[in-house]
Amino acid sequence: MGRVDYLAMKTDVDTVALVSSDVEELKIAAKKLFTDVSKLGGLAFGVSFVKWIASFSAIYLLILDRTNWRTKMLTSLLIPYIFLTLPGVIFNFLSGDVGKWIAFVAVVLRLFFPKHFPDWLEMPGSLILLLVVSPHFLVHHIRGGWIGSVISLFIGCYLLQEHIRVSGGFRNSFTQPRGVSNTLGIILLLVYPVWALIIRVS
């Protein structure tokens, strides 16, 4: 008789080994990024660069949720995250006269023409209102300080935990077709607060 070959079954040990090797690769990539950024322009450049990435990642997740890629996570938490991590140039532009006019038009549309105010515009309208009416203490002390970084970290951790729970596990959050973009976007949300807190501690 011929030789019978059996297929090896995947075990949990294989899965744990794969996840741990991925985590090790992420650590190596983070160390390389840290050394390269410090060579380019110091840690301040790295913080501002990562801040831009985190802000656009949050905006990307907000846009994804407002399209047909709806998720079950609490995306309204992205509004305070964007408020806390929005780069200064964009923040100052939107909290100035341009933002006031956008907020004015949004409020007028919402009050007097509610049929012409789409549902998907509520979150961006709330963000603009938050940018325009935020008190000085929030803008200059919380937003730019370590408290803002801690709040951003909690928001990112909560969104990641909820996304993994809804996906049915960490592995499923990377294997579902729509889950990969959401998972990567949420992981990018965590990069800025962690980086900012490490810089503040060191």
Side-chain angles (χ1 to χ4, degrees), residues 44-107 109-110 117-166 173 178-200:
F45 171 77
V47 171
S48 65
F49 177 71
V50 173
K51 189 176 202 177
W52 279 88
I53 290 175
S55 296
F56 285 120
S57 176
I59 293 168
Y60 167 75
L61 287 171
L62 195 61
I63 291 170
L64 272 186
D65 189 60
R66 295 294 153 207
T67 61
N68 60 352
W69 286 47
R70 290 197 175 270
T71 60
K72 295 179 182 174
M73 62 182 177
L74 188 62
T75 52
S76 59
L77 284 175
L78 290 170
I79 298 301
Y81 185 91
I82 294 170
F83 171 78
L84 292 170
T85 62
L86 201 63
V89 174
I90 299 174
F91 186 89
N92 293 334
F93 178 74
L94 290 177
S95 64
D97 283 340
V98 173
K100 289 176 185 174
W101 275 104
I102 293 171
F104 174 75
V105 170
V107 168
L109 278 176
R110 183 75 176 135
F117 192 82
D119 291 339
W120 58 267
L121 202 55
E122 284 188 26
M123 292 285 197
S126 301
L127 175 63
I128 295 294
L129 278 172
L130 184 64
L131 292 174
V132 169
V133 302
S134 57
H136 183 270
F137 177 74
L138 281 178
V139 173
H140 295 287
H141 297 290
I142 302 295
R143 188 176 170 275
W146 65 271
I147 298 173
S149 299
V150 170
I151 293 170
S152 300
L153 182 63
F154 281 134
I155 291 172
C157 288
Y158 177 77
L159 290 176
L160 182 64
Q161 175 260 311
E162 282 296 307
H163 176 65
I164 289 172
R165 186 183 60 78
V166 167
S173 65
R178 293 182 177 181
V180 174
S181 61
N182 288 336
T183 305
L184 292 177
I186 294 171
I187 288 173
L188 286 175
L189 292 182
L190 293 171
V191 172
Y192 165 70
V194 168
W195 189 288
L197 288 172
I198 288 172
I199 297 304
R200 288 186 190 282

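Sequential numbering from 1 along the given sequence is applied to the chain's residues.
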Can you tell if the side chain of [X] reaches within under 4.5 Å of the side chain of [Y], non-hydrogen atoms only?
{"X": "F83", "Y": "F91", "value": "yes"}
{"X": "S95", "Y": "S134", "value": "no"}
{"X": "L78", "Y": "L189", "value": "yes"}
{"X": "L62", "Y": "L127", "value": "no"}

First locate atom [atom1] of [X], then atom [atom2] of [Y], and finally report the distance between them rounded to the nearest 0.5 Å.
{"X": "I79", "Y": "S126", "atom1": "CD1", "atom2": "OG", "value": "6.0 Å"}
{"X": "W195", "Y": "L153", "atom1": "CH2", "atom2": "CG", "value": "15.0 Å"}
{"X": "I102", "Y": "L129", "atom1": "CD1", "atom2": "CG", "value": "10.5 Å"}
{"X": "F56", "Y": "L61", "atom1": "CZ", "atom2": "CG", "value": "13.5 Å"}
{"X": "L160", "Y": "I164", "atom1": "CG", "atom2": "CD1", "value": "4.0 Å"}

Among all residues two or more places apart in sequence or in another chain, which pass the side-chain contact (heavy atoms from CB on, under 4.5 Å) test with L77?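 So L77 forms a side-chain contact (heavy atoms from CB on, under 4.5 Å) with L74, I155, Y158, L159.
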
Do any N or O atoms from the side chain of [X] and from the backbone of [Y] form a donor-acceptor pair under 3.5 angstrom?
{"X": "Y60", "Y": "G185", "answer": "no"}
{"X": "S57", "Y": "I53", "answer": "no"}
{"X": "R143", "Y": "G148", "answer": "no"}

How far apart are the closest heavy atoms of [X] and [Y], and which atoms are they?
{"X": "Y81", "Y": "A54", "result": "OH-CB, 3.4 Å"}
{"X": "W146", "Y": "L197", "result": "O-CD2, 4.1 Å"}
{"X": "K51", "Y": "T85", "result": "CG-O, 3.1 Å"}
{"X": "S149", "Y": "P193", "result": "O-CB, 3.3 Å"}

Going through the distances and angles, do L184 and L188 end up as a side chain to side chain contact (heavy atoms under 4.5 Å, CB included)? CA-CA 6 Å; L184 292 177; L188 286 175; 5.6 Å; no

According to side-chain hydrogen bond (donor to acceptor under 3.5 Å, both in side chains), who are the partners of R110, at least two apart in sequence or on a separate chain?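 With sequence neighbours excluded, R110 shows a side-chain hydrogen bond (donor to acceptor under 3.5 Å, both in side chains) to no residue whatsoever.
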
Is the ring pair H136/H140 parallel, tilted or perpendicular, if the boundaries are 30 and 60 degrees?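 Aromatic pair H136/H140 classed tilted.
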
